[in-house]
Structures are given as C-alpha cells and as structure tokens.
Amino acid sequence: MTKKTSTSLFDFKTMNNATRITLLMGVVAFIFGISGLYTRLFIGEREVGYGSYVVWGLWVAMYLFLAGIATGSYMLATLEYIFNVSIFKGTGKAALWAGLVTMPAALATIGMDLGRMERIIKVYLRPNFSSLLAQMVWGYTLFLLIVVVTLWLAFKHKEGQPTNAFFKLILWIGFFMSIFLSGGVGALLGVNASRPYWTVGLLSVQFPIFAFASGVSLMLIIIGWFMHFKDEEQRYHLFRWLGWVAIALSLSKIYILWAYLSQAWYTQIPDVMTALNEILFGRYWFSFWVIQIAIGTIIPLVLHMIPKLAHNGTWAGLIGLMVLVGFAAARTNIVFPAMTVEMLDGLPTAFFGPHLDINYTPSNLEWSVTSGVIGAAILAFVLGAEILAVFNKPKMEVK
Amino acid sequence: MSNPNEASLPPTGMILDKYASEAFAGLVAPALDGVNISAAPANGPLAKEDTLVRMQKDMKRALEKPVSERRWVMVIDLRKCVGCAACTIACVAENKLPPGVVYRPVVNQEVGTYPNVTMKFLPRPCMQCDVPPCVPVCPVSATYKDENGIVVIDYEQCIGCRACIVACPYGARTFDFGYTYTETTPVAEGLVIGRTGAESYERAASFEYSEEWPRTDLRASPVGNARKCHFCLHRLNEGMLPACVTTCIGRATYFGDANDPDSLVSELIARPNVIRLKEELGTQPRVYYVV
Ligand code: SF4
Ligand code: SF4
C-alpha cells in the first residue's frame, strides 16, 4: 500500500476544534461585516456615530488596538530570532504571520475613517512630516515591508543554525520600529494640547508596554489553540514563561493606570475631570470596569495564578483572548472620553445638526465594519497559517 | 454748525446717519410730543460715522497695501452681542453650509443664579491663530496659513482625517458628511420653496476661497473634508467685509487691518478690556473679544 502526502491546502479533517471554531467565528464576523463594508466603501460615511465634536471613534480605537498587536507580535518574534530564547523556538513564524495579518487590518480600519479614502496616496506623495499622522502612515508602511521581509527570511532560515547578519539587521530594525511605532500612536493623541485628558504624562509611554502585552496575549492564544509541538514540554514551559510575563505586564498595567488616573484626578482640571467621570461613572463605566478591568485584567491575573488552568491549552488561549478584549476596550477608553469634553462651554448646543453631538456610541455601521475587518483578519490568519505551515503542524499522510 | 464728518460721508453713510437716528427718535416721539428732540446728534461734535462705513474705508486702505503687510483681525464686542445668531445664518447663507457644518455658532451661556441671572453670548468664528495647532498635524499640508495670515483649507488636498478638528482647541472646524437641507423636505409642486426650488439653490456653487464649489455631486469636495471659517476670504479679495460683520444687527463685530494704526480694530484692541480665548495655549488668536 502506498502512502502519499496530502496536497490540499486546507485539511479541515486534521484541524483541531479550536481552529474550526475560530474559523467559524471569523466567517460569522466577516458576514456581519459585509453590509458595513459595502456601505462604507460604496455609499459613504454618513451613518457613523462620530462627528465634529467626538471626532475619532471606534475605527481609530481599533487602529490603535490592531497596530498594538502587530508591533507586539513582532517583539515576540525577536525572542526566537534575536535573543535566542530556546523555549520560543518554532514560534517566531507564527508571531510574524500574526503581525503581517493585523497590520493591514489596522491600516484598513484607519483607512475607513478617512473622509476621502481615495486620497491616502497624497500622504505618500506630499507628506507633511511634522504631522504625527504622516509619520505613522509612513512608519507603519515601512514596518509592514519589514515584517514581510522578516517573514521571508524566517522561512529561509534553517532551524538550529545561527541567524545570519542580514536577517539580524532586519530584525533589529523591526524591533526598534515596533517600539517607536507603538509609542507613536500614543503620541498621535498626546500631542493635542486641545485635549487635556491626553496630555497627562504617561500616555504614550504606556503604549509600547501595552503592545508587548497584546503580543504576549496573542501568543497565548496561538500556543494554546493552534500550535503543534514535537515536545509537549515546550508548550508547558511556554505557558509558564508567558504566564509570568503576563502577570508582570498586568501588574504594570494596573500600576500605570493607577498613576495615570490618580494624577489626572488629583489635578481636578475640569476638562480632565469630565473625561475621567465619563470613564469611571458615566457613559463608559461598563467598558472600563467590566471589560477593561474585570475581564481584561483581574480575571486573567487570577487565572494565571492557577497552574492547572494556566497550563491548559484551552484555558491559556481563553485567558489571552480575555486580555485582548480588555485591551480593545482600553483603547476605546483612551480615545472616546477625551472627546466628550465641550471645547467651549455650551458649544454643542449652540448649533444643531447631524454629527454635532458630544455623546458618542459607535453606530451599527462602525460595529459592522470593525467586525468585517477583524473577521477577515481571523480568516486570513488561520487559513494563511495553514498554507504557510507556521503552526508546525505535522504533515498529514493519507493512504 | 455743520457736521464735520458730513463732507466725507458717502451717500449710504449720510442716509444711515440721518434716517436711523430719525426713525429711533420717531419711536419715542409720541411720549415727548412737542419737545424738540433727536435720539442722536445728526449734527454736532458727537456725531459718529457708522462703524460699517468706517470699516469699509479701513478695508480700502488695507487692500492698497501688499498682502503680507495686512493683518486681518476680528473684534467682537460681547457687551453689544444680543445673541440673535444673524451672523451664524449669514455665514451659512454666504458659504452655503450644509447641515452639520457651522463656521460661526453663537454660544449661549446662562450666568448667575436666580434672581441674578443673565445670558452671555459668545460668537465663535475660527480664531485664525498665529500659532495654529491645526496646521502641523495635517498629514498632507492641506491646511496652512496663507499670505493673508488666514488659516485656509485646500479642499482638493484634504484627505478627511480630521486630525485638525481634534487639534483645534476652539472646536472651530466641522466635518462635511455630505448632507443637504432639502433632502428631507417634501416636494411641494409649484411653490417657490418646494424641494425642487430650494434644492437648486442649495446645490448651486459656493465661492469659498474664490473658487466654485457646487454641491451637485455629493462625492466631490468639500464633502468628506474638514471645513472652517476663513474670514470670508473670497469677499475680502473683492473688497467686501465678511458676511457676519455686515449682518451683525448689534454692530458687535468689527473687522480690519491691525497693522493700520488708524483702523477701528487697532483702536479697539489697544484697550485694556480686550481678551482672547484660551491665551494660555499660546495659539495667539486673531479674534479679540471686548468684555
Ligand atoms: S481656531 Fe482652530 S481652526 Fe482656527 S486657526 Fe485656530 S486652531 Fe486652527
Ligand atoms: S482633515 Fe484635511 S485639513 Fe484636516 S488634517 Fe486631515 S487632511 Fe488636513
């Protein structure tokens, strides 16, 4: 009887349940997003909830979130290729692939936010580099190229052999870019003296830390749900290592949040207090206390401390997912409340019209587009990973 | 004694000077039957030139100078503003602003507690900051300070990222989402104000930045762009005062060249009871408020 290697790109039979469920969720999210994507691309932007007073909404927050995952994943990949951390052997390609998928998703969400999307080319042709936004567009585009080159070199790289000089150079460039760019998106907000809530110190410095934490959380999902290891010991050690890092990051996250919010509170600056009240007790309390703090920080922290759960693939992935959801909420809690402040007392009621509202809740269109982009990213990630075999899946042999 | 200003007054000035005063005198006349009285001295040393006339003259002088030597400023006397929003509407009409876009709202604030309550009105155009935070944040240099010192937007260059709206500390920019007022009005056949009539007016070109911006295609600029007050630059170029200035019923808004020591605005901003909004941010606004 002859044995031959399976030639189909995706072998659903050999996929584990987590992969199938993730694919299903990706399909559902994408289907929910189709109408939104169609409306935004072919009809326009009128159905959004943001406007001239709450200027940036869900899409900008998701850009910060997805860009954070992309840069964080790159930082994780350097652990295998630059810092030679042995337990990370074999995970670098998956991390890079995650970065390569989330980066275009991030750019797509910010692209949806542009009133004249088709003119994005102008940022390349006639950039104003004193603008943080222009710096970010250029920076992230270059970063995307770096991720592509890194991934290509990672595939050429033979396991067990030392990383060659060119590969190392690219990795170092990418590593520094991932730190500066993740901080840059914080600065994009922090440079606006018009929004005192953002100018509280610590805003931009927390972004690279949060980006790394996002990368760690995504890695927990990848290792817990998708990766295959020849040696299950490695998975166990990775859970332990990532678990400790995640605990340290959660604690520093709480510390930074405390420092940020308590300083802001202490100043009692009216514009800062308005934003703070919205977060702690107002419109965004649920997103802050329940999603960001409880689901995104405290519960994962407790679960990490229970070895039985923290070292179980399904649970580790769930913990990672919870932290990521918490980060998504954290980004919205940075972007939205700062904009609910009246620039001049009484301005929002001085003139009435569409999109002249200080109260912001993302509209169905915004949710739909976000869902579509994230759904597409999930599908691209899982299916692409299967094609590129970045999950180290053993080749299926059929009789 | 003859009015010393009379010789220099143009016909409009003379008419305003004479009849505005007489009309007002007519209102109080019945109560003062038989008493020879005039509300304002049409003749005599206290006779005043209408501010609009004075500003037109100031403007004429300014336009004779090279562009870079003019310093356009606006002064708003908050003690005189009655909160009628005529300026807001004049601006909407002049620039054909669609729903959701406003260049000069009048902010109403209630001050004090009963029984000592009063209303405060704050017209808020773009401040045309000399250090404008909205300019450096623009990724494509679509917004900049032009040679007149007015902060302008190049609609064809703007990508609609709204970074400038975020950066403006005065909320002076709004985004054009592509609405029209007439889209929800009923079609009233045969009436001048039916949708068809009103729509053709609404979709006719506006002349911002001395170019034509028809609203026939809702996918064309300035839809999808940030928009703001530009001191009616297109009118200034033709020697006309901004629409809000000429429409102000309280004569509370003044405009002119602050580099001309003889201009009305130069006189006004040299007084101690003049403020600028959010001075602490270092934006150096060109809009002054008399308080
Ligand atoms: S008021 Fe706002 S829009 Fe106008 S120049 Fe200043 S910062 Fe720019
Ligand atoms: S909205 Fe237009 S003018 Fe404003 S920053 Fe963006 S590109 Fe520049």
Side-chain angles (χ1 to χ4, degrees), chain A residues 43-48 50-53 55-56 60 110 113-138 188-189 191-196 198 335 338-339 341-358, chain B residues 85 88 92 97-102 104-110 120 122-124 133-142 144 156-179 181 218-219 221-227 277-278 281-283:
Chain A
I43 298 174
E45 208 179 352
R46 279 170 52 155
E47 288 168 39
V48 296
Y50 56 77
S52 296
Y53 296 148
V55 188
W56 286 336
V60 171
I110 195 72
D113 199 70
L114 296 181
R116 307 219 54 113
M117 236 184 280
E118 75 285 2
R119 294 189 187 160
I120 185 71
I121 189 76
K122 289 180 186 272
V123 187
Y124 298 100
L125 299 180
R126 220 182 99 182
N128 165 25
F129 283 121
S130 68
S131 154
L132 256 293
L133 203 61
Q135 291 175 21
M136 288 302 108
V137 171
W138 274 72
L188 184 68
L189 309 178
V191 293
N192 291 288
S194 54
R195 314 276 165 173
W198 287 339
V335 176
M339 306 239 181
V341 179
E342 300 183 4
M343 301 305 276
L344 295 171
D345 282 349
L347 182 60
T349 48
F351 192 84
F352 294 93
H355 305 278
L356 292 180
D357 195 349
I358 205 79
Chain B
T88 312
V92 168
L97 303 183
V101 176
V102 61
R104 188 183 156 110
V106 178
V107 179
N108 293 2
Q109 291 166 349
E110 202 177 282
K120 215 164 76 174
L122 181 92
R124 200 274 3 250
C134 56
V135 167
V137 297
C138 178
V140 289
S141 305
Y144 56 91
E156 294 298 351
Q157 177 71 6
C158 170
I159 63 170
C161 67
R162 301 188 301 283
C164 54
I165 309 182
V166 174
C168 170
Y170 305 97
R173 290 175 174 239
T174 43
F175 190 74
D176 191 338
F177 279 92
Y179 291 85
Y181 280 103
L218 287 180
R219 293 183 76 87
S221 280
V223 176
N225 296 146
R227 301 183 66 176
L277 297 182
K278 301 193 183 187
L281 294 179
T283 50

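Computed from a prediction, not measured in an experiment: that's the story for all the values here.
Under the side-chain hydrogen bond (donor to acceptor under 3.5 Å, both in side chains) criterion, B:R173 pairs with B:T143, sequence neighbours left out. The side-chain contact (heavy atoms from CB on, under 4.5 Å) search around B:S221 returns A:R116, A:R119, B:Y155, B:E156, B:W213, B:N225, not counting sequence neighbours.
Both the backbone and the side chain of A:Y50 have a heavy atom closer than 4.5 Å to some heavy atom of chain B. With a 4.5 angstrom heavy-atom cutoff, A:I121 does not touch chain B via any of its atoms. Of the atoms belonging to A:R126, heavy atoms from both backbone and side chain fall under 4.5 Å from chain B. For chain A, the nearby part of B:Y181 is the side chain; its heavy atoms alone come within less than 4.5 Å. In this structure, the portion of B:L281 lying under 4.5 Å from any heavy atom of chain A is its side chain and not its backbone. Only the side chain of A:V48 comes within contact range of chain B, judged by heavy atoms closer than 4.5 Å. Neither the backbone nor the side chain of B:E110 comes within less than 4.5 Å of any heavy atom in chain A. Residue A:M339 touches chain B through its side chain alone, counting heavy-atom pairs closer than 4.5 Å.
In terms of non-hydrogen atom pairs under 4.5 Å with chain A, the most contact-rich of B:V135, B:T88, B:I159 is B:I159. Interface check for chain A: of the options B:P133, B:C158, B:P105, the most heavy-atom pairs under 4.5 Å are formed by B:C158. Among B:A172, B:P98, B:C168, the residue making the largest number of heavy-atom pairs under 4.5 Å with chain A is B:C168. For the set B:A226, B:P136, B:P99, B:A142, the entry with the most heavy-atom pairs within less than 4.5 Å of chain A is B:P136. Between chain B and the options A:A350, A:A134, A:P354, heavy-atom pairs under 4.5 Å are most frequent for A:P354. Of the listed residues A:L189, A:V55, A:N192, A:L356, the one with more heavy-atom pairs under 4.5 angstrom with chain B than any other is A:V55. Of the residues considered (A:I120, A:V123, A:L188, A:D113), A:D113 shows the highest number of contacts with chain B, using heavy-atom pairs under 4.5 Å. Interface summary for chain A: among B:V166, B:V140, B:V223, B:V102, the most heavy-atom pairs under 4.5 angstrom belong to B:V166.
Contact of the B:S141 side chain with the B:Q157 side chain is not registered, since no non-hydrogen atoms from C-beta on lie closer than 4.5 Å.
Counting heavy atoms of neighbouring residues, nucleotides and ligands inside a 6.0 Å radius, atom NZ of B:K120 does not exceed 12 of them. Other residues, nucleotides and ligands contribute only 12 or fewer heavy atoms inside 6.0 Å of the CD atom of A:E47.
For the residue pair B:L218 and B:G178, the shortest heavy atom distance occurs at CD1-O, 3.5 Å.
Between A:W198 and A:W56, the ring planes lie parallel to each other; the angle is under 30°, not in the 30° to 60° tilted range. Classified by interplanar angle (parallel below 30°, tilted 30° to 60°, perpendicular above 60°), the ring pair A:H355/B:Y179 is tilted.
Contact check on A:E45 versus B:R162 returns a salt bridge, with a Lys/Arg side-chain nitrogen under 4.0 Å from an Asp/Glu carboxylate oxygen.
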Exercise for review: Would you please test A:I110 and A:V60 for side-chain contact (heavy atoms from CB on, under 4.5 Å) and show each step?
Suggested key: CA-CA 6 Å; A:I110 195 72; A:V60 171; 3.9 Å; yes

